Each structure stands twice: as structure tokens, then as C-alpha cells.
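Fair warning: this is a prediction, and the values are worked out from it, not measured in the lab.
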Amino acid sequence: DAKTTQPNSMESNEEEPVHLPCNHSTISGTDYIHWYRQLPSQGPEYVIHGLTSNVNNRMASLAIAEDRKSSTLILHRATLRDAAVYYCILRATNFGNEKLTFGTGTRLTIIP
Amino acid sequence: GAVVSQHPSWVICKSGTSVKIECRSLDFQATTMFWYRQFPKQSLMLMATSNEGSKATYEQGVEKDKFLINHASLTLSTLTVTSAHPEDSSFYICSARPPLGTSGRRREQFFGPGTRLTVL
């Protein structure tokens, strides 16, 4: 599986936007970029995913670089409930390969 | 959204006993479920892929005779930790994916809330 690189930790003030970067320089042309987050003592939850174009949903936005070697998860207005570990994961489009390989992720701390 | 449940949410057992953890997809059928293990301050490590009606596929280094997986129906997979020891104490998490073709959600995996196992 292609690897991703994320900062170990980030801090942000409450009610401000947060930009979480992810580098994936070895991404293949058919890899989807997935983001999941894990709140303390819970299972991960899906945040967003994309292939080439930027994506928006009710939780966040995903900005994908033109060369697809990096992406940024954007939380438009962070709240205390967004404090979590955020994982950027590449997933092959081969439907026979559904595994998600979790890296170390970014621990996001929200400052009140 | 789709819901995956786990039971129990936590369990404490004596060394040498076996513990069964259930993973259920509550509102969708899942032909494939996944089992992860997470030690404190670490990331999730995939243990095995559970396929309904067939043998599970274990990741390298995971003992199949110690971590028994049964996926007997499209909504239930179980993980049994046999002869548990203190080093097996961990947070066990399952996930499931709706069937291919489910509109808009087919690439999303849904995770259970986890089961915290403590072996004394």
C-alpha cells in the first residue's frame, strides 16, 4: 500500500478553520484518498474521501493537489468535539482490496 | 447512517480464559468485516479480514489459532481470543462495509465502538 505522511500533532483555536495536511507522494493513479477520525476511546469514523477533485460534505472539505501527491483536510470551524486523531489513508480502487491501512495520524487538539 | 455495534464494550478476564467479541452490522448486510487491534497511544493494526461463509484472512504475524474468527451470517462476525494473556489486553475494533453498489456509501467503512479487553 502506498504510504501517507502526516504531522504527529496540531493545535487549533476553537471556531477557527483547521487545515490538516497529508503527503502521499507514491500514490497511484487509482488510489482514493480517505480520511477517518478517531475520538478518544471510540472506533474511527469516516470523514471524507476523494480521487482527483476537491470534495465537500457536511463534516469537512478535502482539497487534493493537482499532482495528487498531497491533500488537505479542512475543518471550516473547529469545535471542541473535533478533537481527535485524524487519519489520511490511501485505498486502492480494486474492489477485492478493501483493507484500510492506518498510519500514525495527526492528533488534533482544540484550544477553547 | 450505517451502524456497527460491538459486544461487550469492555471485558476483564483471568489469564488463560477465552473471550468472545461480537461485531454486528445493524442496518446493512456485510459480506466482509475487518478486525483491528489498537494498543494505547498507537494506531489501529489490522488483524484479519472476515468473509461471510468462508475462512478469515489473517495479516502476517497474527496467530489464527489464537484469534478465532467466525463470520456465520451477513450481519455478525465474532472474534474469540483463546487462552488470553495479559499481552492480549488491547482495544479491539471491528468494521464493516455495505455491499458494492449501495448508492453513495460503498467506499465507506463503518467502525464499531470497540471492545476494551483487560486480561489479569
Side-chain angles (χ1 to χ4, degrees), chain A residues 1 3-9 22 30-53 55-60 62 64 71 73 83-109, chain B residues 1-7 9-10 21 23-25 30-52 54 56-60 62 90-102 104-117:
Chain A
D1 294 332
K3 293 186 70 173
T4 63
T5 304
Q6 299 177 252
N8 288 333
S9 62
C22 180
T30 54
D31 284 341
Y32 278 80
I33 302 161
H34 285 245
W35 284 81
Y36 283 77
R37 73 179 185 180
Q38 186 178 23
L39 279 65
S41 298
Q42 296 186 29
E45 65 173 340
Y46 168 85
V47 178
I48 201 167
H49 78 273
L51 183 62
T52 55
S53 303
V55 185
N56 299 296
N57 66 19
R58 65 175 179 79
M59 289 182 70
L62 177 60
I64 302 173
S71 61
L73 178 70
V85 179
Y86 287 78
Y87 297 98
C88 169
I89 302 168
L90 301 183
R91 201 180 71 80
T93 55
N94 174 2
F95 288 126
N97 178 13
E98 301 289 344
K99 295 193 298 185
L100 294 178
T101 301
F102 285 78
T104 53
T106 297
R107 183 174 299 277
L108 177 63
T109 300
Chain B
V3 177
V4 174
S5 70
Q6 282 184 240
H7 179 80
S9 55
W10 60 269
I21 302 170
C23 177
R24 293 181 185 273
S25 55
T31 54
T32 303
M33 293 183 174
F34 303 89
W35 286 97
Y36 296 83
R37 179 168 54 180
Q38 184 175 34
F39 293 108
K41 304 292 186 184
Q42 295 187 25
S43 186
L44 284 77
M45 295 297 295
L46 179 66
M47 299 176 67
T49 302
S50 169
N51 300 296
E52 187 268 336
S54 65
T57 304
Y58 290 81
E59 295 299 302
Q60 191 172 7
V62 177
S90 188
F91 193 47
Y92 292 85
I93 306 169
C94 71
S95 72
R97 181 188 51 77
L100 296 178
T102 304
R105 310 304 294 277
R106 63 185 181 187
R107 296 193 176 280
E108 177 179 347
Q109 280 193 21
F110 296 91
F111 286 81
T115 296
R116 188 161 302 280
L117 170 64

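Top candidate by heavy-atom pairs under 4.5 Å with chain A, chosen from B:Q42, B:E59, B:R116, is B:E59.
Between A:H49 and A:H34, the ring planes lie parallel to each other; the angle is under 30°, not in the 30° to 60° tilted range.
We find the CG-OH distance between A:L100 and A:Y36 to be 5.0 Å, quoted to the nearest 0.5 Å. If you take CH2 on B:W35 and CG on B:L46, they are separated by 12.0 Å, rounding to the nearest 0.5 Å.
At a 4.5 Å heavy-atom cutoff, the contact between B:L44 and chain A is made by backbone and side-chain atoms alike. Only the side chain of B:T49 comes within contact range of chain A, with heavy atoms under 4.5 Å apart. In this structure, chain A has no heavy atom under 4.5 Å from any part of B:Q6.
Checking each of A:V47, A:T4, A:T5, A:L62 against A:C88 for a side chain to side chain contact (heavy atoms under 4.5 Å, CB included) leaves exactly one that passes, namely A:T4.
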